[in-house]
Amino acid sequence: MMDAEMKGYRTGINDGKERSSGPDWLRYADIIDKQHHVSKKHPPMSMEDRAAQFSPFAALTGYEAAVKENRQTDG
């Protein structure tokens, strides 16, 4: 897309009106080239800690044991 065309899409992006025409990425044209914010207050989280947030966990403690016990008494 040419810059002149893009400027037409960019005008009024923050006026509260929805833009129904044009590619989705143009909705973010005003922020797409800005640098990612890095906090001065909080140090970056390690990759291991970030990954741990998404690791599986046992929401129901003892559930597996109860299922095994129930299967043994039923069958």
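We number each residue from 1, following the sequence as shown.
- Distance CD1/Ile32 to NZ/Lys34: 12.5 Å, rounded to 0.5 Å.
- Considering every non-hydrogen atom in both Arg27 and Asp30, the closest pair reads O-OD1, 3.9 Å.
- Under the rule for a side chain to side chain donor-acceptor pair (under 3.5 Å), the partners of Asp49 that lie at least two apart in sequence or sit in another chain are Ser46.
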